[in-house]
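Okay, so here's the structure we're looking at.
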Amino acid sequence: MYKEKIDMSRLPKHIAFIMDGNGRWAQARGQQRSFGHTAGADTLHAVVRCAKNLGIPYVTFYAFSTENWNRPKEEVNALLKLMVKHLEEELFMKDNVRFRLIGDIERLPQDMLDSCNHLMECTKNNTAITMVVAFSYSTHWEMEQAVKQIAQEVKDGKLDVEDITDKTIDEHMATNFMPDPELLIRTGGEQRLSNFLLWQTAYSELYFTDTYWPDFDDECLYKAIVDYQGRQRRFGKTGEQVAEEK
Ligand code: FPP
């Protein structure tokens, strides 16, 4: 229904997702929270396929935040296991998907790190879509490491303080290989960003839906894109200025 309404010439180049509501989806079915995460991982693959078929070049998923390390140990372990299970090379090669991981990898168990590095290496030349998973990620962590790197370059005499611009910060963020998201979608009814891509979403359109992540299907994605395309993106200018530019 919504697919026909999409203007294919004005698709976002990058959509970011906060996949919320897995726990509540499972609990509503009398199941453990990890049952919801398993269903959520299937949704993630379906969303990648749908975005790929539309021709969207980048999708980023918030799979595990820095703060999620504080969840009960069983849930953390279930999420780590689930992630490793879904890093199957064939899955990515079959669909020509490039995989990238962003986050504080020093906290990841070695087997997961090995799988991620292997997958990033063997999918690096895939061209259909780039799927980015933010795992052990938060913008506060990302800013901290960017500031440390920049300070070190100044200390080493490689960079002058006067030459630091917002571009310098961009270049030191974990997302420096892709454009900022034009659209950020959060499922599960909450309306906040939860330490996710705070620097990169300065001008993103935000879309919130009550749908729990495991129920987020192709139609939901089409609807969000149609909504996004109905908005006027002004980047601080007036509506009249933007209209004149068209
Ligand atoms: C938030 O729902 C979701 C998460 C903390 C985990 C999301 C992870 C996945 C969907 C699996 C990732 C898999 C791969 C392959 C990257 P919640 O548990 O906070 O839900 P609630 O708000 O209903 O409790």
Side-chain angles (χ1 to χ4, degrees), residues 15-52 58-95 97-105 107-109 111-120 122-123 129-139 141 174-175 184-197 208-217 220-221:
I15 307 181
F17 296 89
I18 300 180
M19 310 180 281
D20 201 9
N22 292 340
R24 281 166 286 161
W25 182 88
Q27 278 157 356
R29 284 159 180 76
Q31 300 276 358
Q32 301 283 326
R33 298 173 54 79
S34 51
F35 180 74
H37 297 318
T38 306
D42 292 337
T43 300
L44 183 154
H45 289 299
V47 166
V48 173
R49 262 193 304 277
C50 183
K52 180 188 100 155
Y58 295 92
V59 278
T60 300
F61 299 91
Y62 201 12
F64 194 88
S65 69
T66 308
E67 293 76 22
N68 285 152
W69 287 111
N70 300 321
R71 287 202 175 191
K73 212 166 167 237
E74 309 81 64
E75 187 172 342
V76 170
N77 287 340
L79 277 164
L80 292 171
K81 253 175 130 171
L82 186 66
M83 175 79 175
V84 174
K85 184 167 168 252
H86 282 267
L87 297 177
E88 283 294 325
E89 188 179 333
E90 299 89 272
L91 217 64
F92 289 79
M93 296 313 283
K94 177 169 69 69
D95 286 333
V97 177
R98 180 166 76 131
F99 171 79
R100 292 292 299 250
L101 178 80
I102 57 170
D104 184 4
I105 56 169
R107 296 184 74 173
L108 299 185
D111 65 330
M112 181 169 165
L113 193 54
D114 291 345
S115 304
C116 288
N117 283 334
H118 174 74
L119 193 60
M120 283 197 274
C122 64
T123 65
I129 187 167
T130 298
M131 162 184 157
V132 184
V133 172
F135 204 100
S136 188
Y137 171 89
S138 69
T139 305
W141 159 80
T175 51
L184 180 139
I185 298 174
R186 181 175 187 142
T187 59
E190 310 288 354
Q191 305 202 350
R192 55 175 169 261
L193 295 180
S194 303
N195 222 342
F196 182 51
L197 303 181
F208 300 103
T209 169
D210 289 339
T211 304
Y212 292 149
W213 177 253
D215 289 329
F216 190 86
D217 60 12
C220 296
L221 181 60

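FYI, the numbering just counts along the sequence from 1. Order of listing sets the numbers, starting from 1, for every ligand and every atom in it.
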Between [X] and [Y], is any pair of side-chain heavy atoms under 4.5 Å apart?
| X | Y | result |
| --- | --- | --- |
| Lys52 | Met131 | no |
| Arg98 | Tyr58 | yes |
| Cys116 | Ile105 | no |
| Phe196 | Ser65 | no |

Once you measure the plane-to-plane angle for [X] and [Y], does it fall in the parallel (<30°), tilted (30-60°) or perpendicular (>60°) bin?
| X | Y | value |
| --- | --- | --- |
| Phe35 | Trp25 | parallel |
| Trp141 | Tyr137 | perpendicular |
| Phe135 | Phe64 | parallel |

Residue and atom name of the nearest protein heavy atom (relative to [atom]), distance in Å to one decimal:
| atom | result |
| --- | --- |
| atom 20 (O) of ligand 1 | Gly23 N, 3.1 Å |
| atom 1 (C) of ligand 1 | Met19 O, 3.2 Å |
| atom 13 (C) of ligand 1 | Ala41 CB, 3.9 Å |
| atom 8 (C) of ligand 1 | Ala63 O, 3.6 Å |
| atom 10 (C) of ligand 1 | Asn22 ND2, 3.3 Å |
| atom 4 (C) of ligand 1 | His37 CE1, 3.8 Å |
| atom 16 (C) of ligand 1 | Met83 SD, 3.4 Å |

Taking heavy atoms and a distance under 4.0 Å, where does [X] meet ligand 1: side chain, backbone, both or neither?
| X | result |
| --- | --- |
| Lys85 | neither |
| Asn68 | side chain |
| Glu190 | neither |
| Leu82 | side chain |
| Arg24 | both |

Would you check if the side chain of [X] reaches a backbone N or O of [Y] as a donor-acceptor pair within less than 3.5 Å?
| X | Y | answer |
| --- | --- | --- |
| Arg33 | Ala26 | no |
| Arg24 | Gly188 | yes |
| Ser138 | Thr66 | no |

Give the atoms of ligand 1, by number and element, whose distance to some non-hydrogen atom of Leu44 is under 4.0 Å. 14 (C), 16 (C)
For Gly40, the ligand 1 atoms whose distance to one of its heavy atoms is below 4.0 Å: 10 (C)
Among Arg33, Glu88, His86, Glu75, which one has a heavy atom closest to atom 15 (C) of ligand 1? His86
What about Leu79: any of its N or O atoms under 3.5 Å from an N or O on ligand 1? no
Any N/O pair Arg71/ligand 1 closer than 3.5 Å: yes
Give a yes/no verdict on whether any heavy atom in Gly188 is under 4.0 Å from an atom of ligand 1. no
Out of curiosity, is His45 lining ligand 1, as in a heavy atom under 4.0 Å away? no
Only pairs under 3.5 Å count here: list side-chain donor-acceptor contacts from residues 39-48, not counting sequence neighbours, and write none if there are none.
from	atom 1	to	atom 2	distance (Å)
Thr43	OG1	Ala39	O	3.3
Thr43	OG1	Pro214	O	3.2
His45	NE2	His86	ND1	2.8

Can you confirm whether more than 12 heavy atoms, excluding those of Glu75, are under 6.0 Å from its CD atom? yes
